K.L.:
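Please read through the structure below; I'll follow up with questions.
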Amino acid sequence: MPKIGLSTGTKWDGILQTRDDCRFVIPKSYKAGMLVDALIFASPKLIEYACHDLSLDQTANVAMLPGILRHSLAMPDVHQGYGFPIGGVAAMDTEDGVVSPGGVGFDINCGVRLLMSSLPVQEVRPKLRQLVDALFEAVPAGTGSTGPIKLNHTELDSILRSGSQWALEHNWATEDDIEHTEERGQMKQPDPAQVSERAKKRGNSQLGTLGSGNHFLEIQYVDEIFERPTADSFGLFEGQVCFMIHCGSRGLGHQVCTDFLSTMGPLMASYQITLPDRELACCPISSPEGARYLSAMAAAANFAFANRQLITFWTRQVMSRLFGEQGRLKLLYDVAHNMAKMEKHRVNGQQKEVLVHRKGATRAFPPGRSELGGAFLISGQPVIIPGDMGRASYVLVGTEQAMEETFGSVCHGAGRLMSRTRARKQRKASDIMAELEAAGIIAKATTRDGLTEEAPAAYKPIDEVVAAVYNAGIGRRVARLRPLGVIKG
DNA sequence: ATGTTC
């Protein structure tokens, strides 16, 4: 079997077949225990990147999980994560398959939304510094940051049950926001009783906060439209100022993941599950523990939807103060990047319900899928792909090809190229800030590390990641956005 | 990602 050019020093030394320009395969014969092939979407350059960490080993390991259907999938932004790679997709048979907290990730329902203004970039630039300062003031950011809302137990449970719907009841959201959020901002079958007291304690002061790491609030403008009719139907136009919010379920979701990893790990032997990596802790979907995790995950996901909705509200308040009626913001869409969901897919010629784990991957449904309401039923689902703070972000749209190959999924971002430690050592925060300013981008972060670890050079080139997606036909480009200002944790 | 080692 052909091996592709693996330079010395790469960590991956296994079998990797090149199927075409954007598809690479690790056959199940590679390693005992693999139940299906691993299929990686990439380019010759991006697959090289994936060979430099544990991405491919992890993608092969996921192919060993009981009940996995079709392929263990990796997106072009893949990089190593906890057990599963980030940029991984795995769909499980609901009868004999497993659910794995590591297949969702620590930040349950980490996700991203795009708010559209009606303002052209030239009208915002004169007030850009003021806008960045006001947003930095209005949106709590950073590790352990807390917000102005203190929730009692009853209210927190209400958020865990209702997500964005709770925000609507308190006038933090509009009906239009709900219609433009995946799952209408309310995952089905949440159970607050499955969320530990410790998780609730961590979450009860963190609603409406950004957090740290790769989370951000960015001011952007539409730089290029690739598909005009779709852009028109989404409400996107050249020069338009937009706001991208990227964050998740904060300490609450993190604790839910931690709790269930320690619950499931010791139980695997009793379910006769043997896997090569303890980070792949899992239980059958049909087991009590599997069901409990899914209902706790749904509750944490609802917290994340409400969290992004509150940050939306703070952003609208600032825009209204600075631009009045002109500063109105409409939500294009809100997508989850870290989630396991029950969905109907065609497998081996028949429609069946499967559990799709997406970890650092975005649902990308085509026109006609019943989950999509209103205009998206005709256009297909908007897919929002953040890049890095210096280059670009994208809006894509879902395709039928994705349903056939990736259970309706695409990448979730650029994907890290270097570790946080390496990124920190490589550049000074003041240099990155100066470079961004020279490019007309104003960045404001709570810590210097927040900037160095998230420097553009720490990420893969988003243009190439997105090119791999549309070359494979699993998503189409609608618009590219450029950064103007960024708030970091 | 994360009260960045209960």
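Being a predicted model, the structure only gives us computed values, none of them experimental. Lettering follows sequence order; numbering is per chain, from 1. Computed from heavy atoms alone, side chains included, the values below leave out hydrogens, waters and symmetry copies.
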K.L.:
For A/Glu453, which contact category applies under a 4.0 Å heavy-atom criterion: base, sugar-phosphate, or nothing?
P.N.:
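Touches nothing.
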K.L.:
Taking atom C1' of B/dT4 as reference, at what distance in whole Å does atom NE2 of A/His215 sit?
P.N.:
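Checked: the NE2 to C1' distance equals 14 Å.
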K.L.:
Ring centres of A/His180 and A/Tyr333 under 6.0 Å apart?
P.N.:
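No.
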K.L.:
Measure the distance from CG on A/Asn204 to P on B/dG3 and round it to the nearest whole Å.
P.N.:
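Answer to the nearest Å: 12 Å.
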K.L.:
Side chain of A/Lys488, backbone of A/Gly213: donor and acceptor closer than 3.5 Å?
P.N.:
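Yes, the answer is positive, given that a donor and an acceptor are paired below the 3.5 Å cut-off.
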K.L.:
Is there a donor in the side chain of A/Asp107 and an acceptor in the side chain of A/His254, or the other way round, less than 3.5 Å apart?
P.N.:
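No, A/His254 and A/Asp107 have no side-chain donor paired with an acceptor closer than 3.5 Å.
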K.L.:
Does a donor on one side chain sit under 3.5 Å from an acceptor on the other, for A/Ser249 and A/Asn109?
P.N.:
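The answer is no; no qualifying pair exists.
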K.L.:
Tell me which residues in residues 247-261 of chain A put a heavy atom below 4.0 Å from DNA chain B, sorted by number, or none.
P.N.:
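Close to the strand are A/Arg250, A/Gly251, A/His254.
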K.L.:
Classify A/Arg416 by what it touches in the nucleic acid, base, sugar-phosphate, or nothing, heavy-atom distance under 4.0 Å.
P.N.:
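The answer is nothing, as A/Arg416 stays clear of every strand by at least 4.0 Å.
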K.L.:
Just checking, is any N or O donor in the side chain of A/Arg250 or A/Ser145 under 3.5 Å from an acceptor N or O on the other one?
P.N.:
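A pair is found: one side chain offers a donor N or O, the other an acceptor, under 3.5 Å apart.
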K.L.:
So, A/Gln186 and A/Asn302: side-chain donor and acceptor under 3.5 Å apart, yes or no?
P.N.:
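Distance-only check fails for A/Gln186 and A/Asn302.
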K.L.:
Expressed as a whole number of angstroms, how long is the span from A/Asn109:CG to B/dT2:P?
P.N.:
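Result: 13 Å.
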K.L.:
Taking atom types as they are modelled, would you say the side chain of A/Thr143 forms a donor-acceptor pair with the base of B/dT4 within the 3.5 Å cutoff?
P.N.:
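Such a pair is found, so the answer is yes.
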K.L.:
In whole angstroms, how far is the C1' atom of B/dT2 from the CD atom of A/Glu454?
P.N.:
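Value for this atom pair: 14 Å.
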